[in-house]
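Here is the structure we will look at, set down as structure tokens.
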Amino acid sequence: MTVINSPLPEKERDIAGSALQATLVDLLDLSLVAKQAHWNLYGPRFRSVHLQLDEVVTTARAYADTVAERAAALGVSPDGRAATVAATSGVPEFSPGWTKDVDAVGALVRTFSAVVERVRERIERTGPADPVTEDLLIGLAADLEKQSWMFQAEHRD
């Protein structure tokens with residue numbers, strides 16, 4: 001059942017909706033990974049990395065909301081349930097327990113690499129189908145790449 005009439009033809013709505021759903025799941029998982037690292041962090045760079053992780057959470061959660069609302073505007077019901085995130089996320093798993101600051105930064109470098117790659121693939125697919133969704137994903141990629149750069153700079157000796 002569709003509650004919202006889409007401004008896009010069905011095929012284009014399906015392409016954009018699929019990209020938005022996959023992005024939503026990755027962003028929700030990214031926010032959880034960053035919080036897990038945030039809560040379990042220790043080491044000499046604790047404070048700076050701790051605060052940097054809060055920025056990741058804020059960015060991921062804000063974009064998750066924007067992505068979900070775009071999906072809804074297209075008539076696609078967004079699914080951010082925990083089971084859906086666990087089953088479909090492309091975010092690398094983060095180790096449980098206490099995490100040394102340098103290990104957390106390394107994990108975030110890998111995480112951002114995976115998420116950015118997936119978002120860039122979705123940009124390619126959505127461009128012809130829905131330029132508005134493509135534009136949203138381009139803005140997201142820019143912000144994720146900025147965060148990635150900061151963690152990469154933190155990871156280098």
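Along the sequence shown, residues carry numbers from 1. All values below were derived from every heavy atom in this structure, side-chain atoms included, with hydrogens, water molecules and symmetry-related copies excluded.
Applying the salt bridge (charged side-chain N to carboxylate O under 4.0 Å, His left out) rule to pairs touching residues 102-117 yields nothing, sequence neighbours excluded. Among pairs with a residue in residues 74-84, those fulfilling salt bridge (charged side-chain N to carboxylate O under 4.0 Å, His left out) read Asp79-Arg81, at least two apart in sequence or across chains. Listed by first and then second residue, the salt bridge (charged side-chain N to carboxylate O under 4.0 Å, His left out) pairs involving residues 58-68 amount to none (not counting sequence neighbours). Sorted pairs that involve residues 7-16 and meet salt bridge (charged side-chain N to carboxylate O under 4.0 Å, His left out), not counting sequence neighbours, are lacking altogether.
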**Message:** Set out, in order, the CA-CA distance, both residues' side-chain angles and the distance that settles salt bridge (Lys or Arg N to Asp or Glu O under 4.0 Å) for Glu134 and Arg122, then state yes or no.
**Reply:** CA-CA 8 Å; Glu134 177 192 38; Arg122 293 177 198 132; over 6 Å; no
**Request:** Go through the steps for Ser48 and Gln52 under the test side chain to side chain donor-acceptor pair (under 3.5 Å), then give the verdict.
**Result:** CA-CA 6 Å; Ser48 64; Gln52 195 174 1; 5.7 Å; no
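Two residues are said to be in side-chain contact when any heavy atoms from C-beta on lie closer than 4.5 Å; Pro78 and Leu20 fail this criterion. Side chains of Met150 and His155 form no contact here, defined as non-hydrogen atoms less than 4.5 Å apart.
Val57 and Leu41 are assigned to two separate hydrophobic clusters, defined by single-linkage of ILVMFWY side chains at heavy-atom distances under 4.5 Å.
Residues passing the side-chain contact (heavy atoms from CB on, under 4.5 Å) test with Asp143 are Thr59, Tyr63, sequence neighbours excluded. Contacts of Glu121 classified as salt bridge (charged side-chain N to carboxylate O under 4.0 Å, His left out), with partners at least two apart in sequence or in another chain: none. Scored by the side-chain hydrogen bond (donor to acceptor under 3.5 Å, both in side chains) test, Asp130 finds Arg70, Thr133 as partners (sequence neighbours excluded). The side-chain hydrogen bond (donor to acceptor under 3.5 Å, both in side chains) test applied to Arg118 returns Asp26, not counting sequence neighbours. Thr58 is linked by a side-chain contact (heavy atoms from CB on, under 4.5 Å) to nothing, counting only residues two or more places apart in sequence or in another chain. Every residue meeting the side-chain contact (heavy atoms from CB on, under 4.5 Å) condition with Pro92, not counting sequence neighbours, appears here in chain and number order: Thr111, Ala114. Considering only residues two or more places apart in sequence or on other chains, Glu55 meets the side-chain contact (heavy atoms from CB on, under 4.5 Å) condition with Gln147.
Here the shortest heavy-atom pairing between Leu24 and Ala64 reads CD1-O, 3.4 Å. Of all heavy-atom pairs spanning Phe46 and Asp101, the tightest one is N-OD2, 3.9 Å. Pairing each heavy atom of Leu30 with each of Val91, the nearest pair is N-CG2, 4.1 Å. Closest approach of Ala60 to Leu27, counting heavy atoms only: CB-O, 3.5 Å. Nearest heavy-atom pair, Gly17 versus Val76, reported as atom, atom and distance to 0.1 Å: CA-CG2, 3.9 Å.
Judged purely by atom type and a 3.5 angstrom limit, Asp29 has no side-chain atom pairing as donor or acceptor with the backbone of Val25. Side chain of Ser31 to main chain of Leu28: a donor-acceptor pair is present (N/O by atom type, distance under 3.5 Å, no hydrogens or angles). Judged purely by atom type and a 3.5 angstrom limit, His38 uses its side chain to pair as donor or acceptor with the backbone of His50. Listed for the Thr99 side chain is a donor-acceptor partner under 3.5 Å among the backbone atoms of Gly97. Under the 3.5 Å distance criterion, the side-chain polar atoms of Thr84 are left unmatched by any main-chain donor or acceptor of Gly80.
Cluster note: Val102 groups with no other residue, as no ILVMFWY side-chain heavy atom lies under 4.5 Å from it.
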